Amino acid sequence: MRILVGYSGGTDLDQVVLTLAKQHARVFNAKLYIATSMESASEKEMGELEKIEEELAQLKDTLEREGLACETHLLIRGLTPGEDLVEFAKDQKIDEIFIGIEKTSKVGKLLFGSNAQYIILEAPCPVISIK
């Protein structure tokens with residue numbers, strides 16, 4: 001089994017999403033794919049890019065020390081994060097996607113956010129959304 005985790009950069013919600021994804025990975029003997037998506041990476045964003053790469057590397061080391069098979073990916077393909085994660089899921093034949101949903105307003109609660117909504121509606125597999 002292959003589980004994709006949409007990772008946005010170490011927020012508290014990311015930690016909750018990772019905890020639940022790790023539980024599923026252990027139960028189903030699954031491999032975790034942790035992916036962060038950026039639409040582009042200009043010179044101005046290079047510092048943030050390096051920070052994300054370092055964070056993903058540390059996360060991979062931690063998960064492997066916990067005995068979980070894991071790959072990390074920084075996706076910079078000119079797509080929105082929602083489109084990027086759905087395409088990655090198709091390319092990698094992902095079986096399940098875990099994403100976090102931020103609730104910031106009444107409209108946001110209704111629509112989940114455009115990236116989350118896109119993933120939920122377009123993913124080729126079940127999506128577990130965590131708030």
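Note that the structure is a prediction, hence the values are computed from the model and not measured.
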**Student:** What distance do I130 atom CD1 and L13 atom CG have between them, rounded to the nearest 0.5 Å?
**Tutor:**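 The distance works out to 7.5 Å.
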**Student:** Please find the pair of heavy atoms, one from Y7 and one from L56, that lie closest to each other, and give the distance.
**Tutor:**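 Taking every non-hydrogen atom into account, CD2-CD2, 4.0 Å.
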**Student:** Taking the six-membered ring for Trp, are H24 and F98 parallel (under 30°), tilted (30 to 60°) or perpendicular (over 60°)?
**Tutor:**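 The rings of H24 and F98 stand perpendicular, inter-plane angle above 60°.
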**Student:** Go through L49 and T36 one step at a time and tell me if the side-chain contact (heavy atoms from CB on, under 4.5 Å) criterion holds.
**Tutor:** CA-CA 10 Å; L49 182 65; T36 297; over 6 Å; no
**Student:** Would you please test L20 and I128 for side-chain contact (heavy atoms from CB on, under 4.5 Å) and show each step?
**Tutor:** CA-CA 10 Å; L20 292 172; I128 297 161; 5.9 Å; no
**Student:** Measure the spacing between CG of N29 and NZ of K31 and express it to the nearest 0.5 Å.
**Tutor:**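 Reported to 0.5 Å precision, the distance equals 12.0 Å.
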**Student:** What do the steps show when you test D84 against R77 for salt bridge (Lys or Arg N to Asp or Glu O under 4.0 Å), and what is the final call?
**Tutor:** CA-CA 7 Å; D84 232 355; R77 305 189 292 191; 2.7 Å; yes
**Student:** Could you tell me whether the side chains of Q117 and S114 share a donor-acceptor contact shorter than 3.5 Å?
**Tutor:**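 Short answer, no.
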**Student:** Locate the shortest heavy-atom distance separating A25 from L68; write the atom from each residue and the value.
**Tutor:**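 Looking at all heavy atoms of both residues, the closest pair is CB-CD2, 4.0 Å.
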**Student:** How close do L85 and L4 get, heavy atom to heavy atom, and via which atoms?
**Tutor:**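 Taking every non-hydrogen atom into account, O-CD2, 3.7 Å.
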**Student:** Under 4.5 Å between side-chain heavy atoms, counting indirect links through other Ile/Leu/Val/Met/Phe/Trp/Tyr residues: same cluster for L79 and Y118 or not?
**Tutor:**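 No, separate clusters.
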**Student:** For the pair E87 and K90, evaluate salt bridge (Lys or Arg N to Asp or Glu O under 4.0 Å) and give the outcome as yes or no after the intermediate values.
**Tutor:** CA-CA 5 Å; E87 288 305 311; K90 289 176 183 175; 3.7 Å; yes
**Student:** Quick check: closest heavy atoms across N115 and G82, and the distance to 0.1 Å?
**Tutor:**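 Taking N115 first and G82 second, the nearest heavy atoms are OD1-N, 3.0 Å.
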**Student:** If you apply the rule side-chain contact (heavy atoms from CB on, under 4.5 Å), what do you find for I119 with E83, and how did you get there?
**Tutor:** CA-CA 7 Å; I119 294 166; E83 293 168 333; over 6 Å; no
**Student:** Is the backbone of T11 close enough, under 3.5 Å, to the side chain of D14 for a donor and an acceptor to pair up by distance?
**Tutor:**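 Yes; judged by distance alone, with no hydrogens or angles, the pair exists.
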**Student:** Working to the nearest 0.5 angstrom, can you tell me the gap between M1 CE and L32 CG?
**Tutor:**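 The CE atom of M1 sits 10.5 Å away from the CG atom of L32.
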**Student:** Does the distance from a Lys or Arg side-chain N to an Asp or Glu carboxylate O, for E71 and K60, drop under 4.0 Å?
**Tutor:** no
**Student:** Looking at every non-hydrogen atom in both residues, tell me the closest pair between D95 and C125 and how far apart they are.
**Tutor:** O-CB, 3.4 Å
**Student:** Does any non-hydrogen side-chain atom of L18 lie less than 4.5 Å from one of V5?
**Tutor:**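 The answer is yes, as the side chains (C-beta and beyond) meet within the 4.5 Å cut-off.
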**Student:** So which atom in I94 and which in F88 form the shortest heavy-atom distance, rounded to 0.1 Å?
**Tutor:**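 Heavy atoms only, the tightest pair is CG1-O, 4.4 Å.
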**Student:** Do the side chains of I97 and I99 get nearer than 4.5 Å, heavy atoms only?
**Tutor:** yes
**Student:** For L63 and K22: C-alpha separation, side-chain torsions, deciding distance, then whether side-chain contact (heavy atoms from CB on, under 4.5 Å) applies.
**Tutor:** CA-CA 9 Å; L63 292 170; K22 289 190 306 186; 3.2 Å; yes
**Student:** Is there a path of hydrophobic side-chain contacts, each under 4.5 Å between heavy atoms, that joins V16 and I34?
**Tutor:** yes
**Student:** Would you call Q23 and V27 a side-chain contact if the rule is heavy atoms closer than 4.5 Å?
**Tutor:** no
**Student:** For R2 and E96: C-alpha separation, side-chain torsions, deciding distance, then whether salt bridge (Lys or Arg N to Asp or Glu O under 4.0 Å) applies.
**Tutor:** CA-CA 7 Å; R2 296 167 174 237; E96 196 171 55; over 6 Å; no
**Student:** I'd like to know whether CG of D12 has more than 12 heavy-atom contacts from other residues, nucleotides or ligands below 6.0 angstrom.
**Tutor:** no
